[in-house]
Amino acid sequence: MADRLKGKRAVVTAAAAGIGRACAIAFAREGATVIATDINEAGIASLTKEGIAEVAKLDVRNTADVNAFAKRVGKIDILLNAAGFVHHGTILECSEEDFDFSFDLNVKSMHRTIKAFLPDMIAGGGGGSIVNISSCAALRPPANRYVYSSSKAAVSLLSRAVALDFITKGIRCNSICPGTVETPSMLDRAAAQGPQGKEMFISRQKMGRLGTAEEIAAMAVYLGSDESAFTTGVDLVVDGGYML
Ligand code: NAD
């Protein structure tokens, strides 16, 4: 299929690697004009070869930068928020700094970008779709994911609250809850668990394999497109059976 997002402008955060990158590429393949952002400039530079219209450095933890970026970009049709960090440990290993960092990057970043882009999405007419990358950890926390699970639960509810408040303005807001997906940071987390680390992560998936970033991007394309026009305020689970 192609052109499912033709005529739409999309902004993707954390697009240098993993799920964000796959979403940016999939959006462009479906005809969207994509602005791909990340703090890792080298990582996003290569995206122009993948049909991405523009790459821009953006730290989603910096409110002034997010506001200036949104002002420059203007009206968009799709906002995909992918930035997130997985802290390892229970509440006992989670310092106040760890807690604040996780909530700032995982949740408040979405508050910043949505707040910055929403006024123009509404004013421009034609509606818009906000897609937030949450996690299955929001719905059923795995062990040692105390602050990650808490922050992703906040992402899911933030998405629902935005969906409800702007449903009559043509804005849809949904979250995607991936299971374990093979991405650079996921492989680092597996390696940190020792030689059996990857097997341990695979064993959480009842399908017996990790997901691919492209499998998550397929859901993001659906949510960004008008095919999902009747869908808002939900968590869409793409998890290889993690929740079963
Ligand atoms: P990743 O962790 O491999 O890459 C994350 C990207 O975020 C990097 O390119 C990094 O430069 C960027 N980034 C970090 N801080 C940033 C900041 N302040 N501003 C802008 N960009 C920043 O990516 P991933 O594993 O695909 O994770 C992407 C999202 O998917 C995260 O929200 C994560 O929680 C979620 N998720 C991942 C999995 C998984 O198994 N990989 C499962 C469920 C949910």
Side-chain angles (χ1 to χ4, degrees), residues 11-26 35-47 52 55-66 69 79-88 100-113 116 131-142 145 147-156 158-159 175-193 197-198 200-205 207 209-217 219-220 235-240 242-243:
V11 163
V12 178
T13 76
I19 292 169
R21 186 181 184 88
C23 289
I25 293 170
I35 306 171
T37 71
D38 201 291
I39 44 171
N40 177 353
E41 283 185 281
I44 44 175
S46 58
L47 280 169
I52 305 295
V55 296
K57 184 179 180 190
L58 182 67
D59 180 351
V60 291
R61 297 188 66 210
N62 185 319
T63 305
D65 286 1
V66 169
F69 175 71
L79 171 63
L80 185 128
N81 285 309
F85 171 75
V86 182
H87 172 269
H88 179 87
D100 289 346
F101 177 80
S102 287
F103 268 79
D104 191 56
L105 180 55
N106 297 4
V107 190
K108 198 169 177 189
S109 65
M110 299 191 185
H111 166 81
R112 288 186 187 98
T113 56
V131 184
N132 296 324
I133 305 298
S134 180
S135 168
C136 278
L139 310 173
R140 186 164 69 74
R145 291 289 180 266
V147 72
Y148 181 67
S149 302
S150 307
S151 66
K152 288 299 187 177
V155 167
S156 289
L158 174 154
S159 307
S175 81
I176 300 178
C177 293
T180 315
V181 179
E182 185 157 345
T183 66
S185 72
M186 184 263 132
L187 292 174
D188 289 347
R189 288 190 292 281
Q193 299 299 304
K198 195 169 172 185
M200 219 178 65
F201 278 100
I202 292 172
S203 71
R204 302 198 309 199
Q205 306 300 127
M207 272 185 195
R209 70 169 177 88
L210 299 170
T212 66
E214 289 70 25
E215 287 172 320
I216 308 305
M219 181 60 85
D235 291 309
L236 283 141
V237 173
V238 185
D239 73 343
Y242 170 87
M243 295 292 293

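Atoms within a ligand are numbered from 1 in the order they appear, just like the ligands themselves. Quick caveat, the model's predicted, so the values are computed rather than measured.
- Using a 4.0 Å cut-off between heavy atoms, Leu58 contacts ligand 1 through its backbone alone, with no side-chain atom that close.
- Looking at Ala17 against ligand 1, both its backbone and its side chain come within 4.0 Å, counting heavy atoms.
- At a 4.0 Å cut-off, not a single heavy atom of Gly43 sits close enough to ligand 1 to count as contact.
- Nearest protein heavy-atom neighbour of atom 11 (O) of ligand 1: Asp38 OD1, 2.6 Å.
- At a distance under 4.0 Å, no protein heavy atom can be found next to atom 5 (C) of ligand 1.
- Distances shorter than 4.0 angstrom do not occur between any heavy atom of Ala213 and any atom of ligand 1.
- Neither the backbone nor the side chain of Ser109 has any atom closer than 4.0 Å to an atom of ligand 1 (non-hydrogen atoms only).
- Of all atoms in ligand 1, listed by their number and element, those nearer than 4.0 Å to a heavy atom of Arg61 are 18 (N).
- Here Arg204 does not pair with Asp239 in a salt bridge; the nearest charged N to carboxylate O distance is not below 4.0 Å.
- A salt bridge is absent between Arg209 and Glu182: the closest approach of a Lys/Arg side-chain nitrogen to an acidic carboxylate oxygen does not fall below 4.0 angstrom.
- For ligand 1, the atoms lying closer than 4.0 Å to a non-hydrogen atom of Val181 are 39 (C), 40 (O), 41 (N).
- Taking a 4.0 Å cut-off on heavy atoms, Lys152 registers as neighbouring ligand 1.
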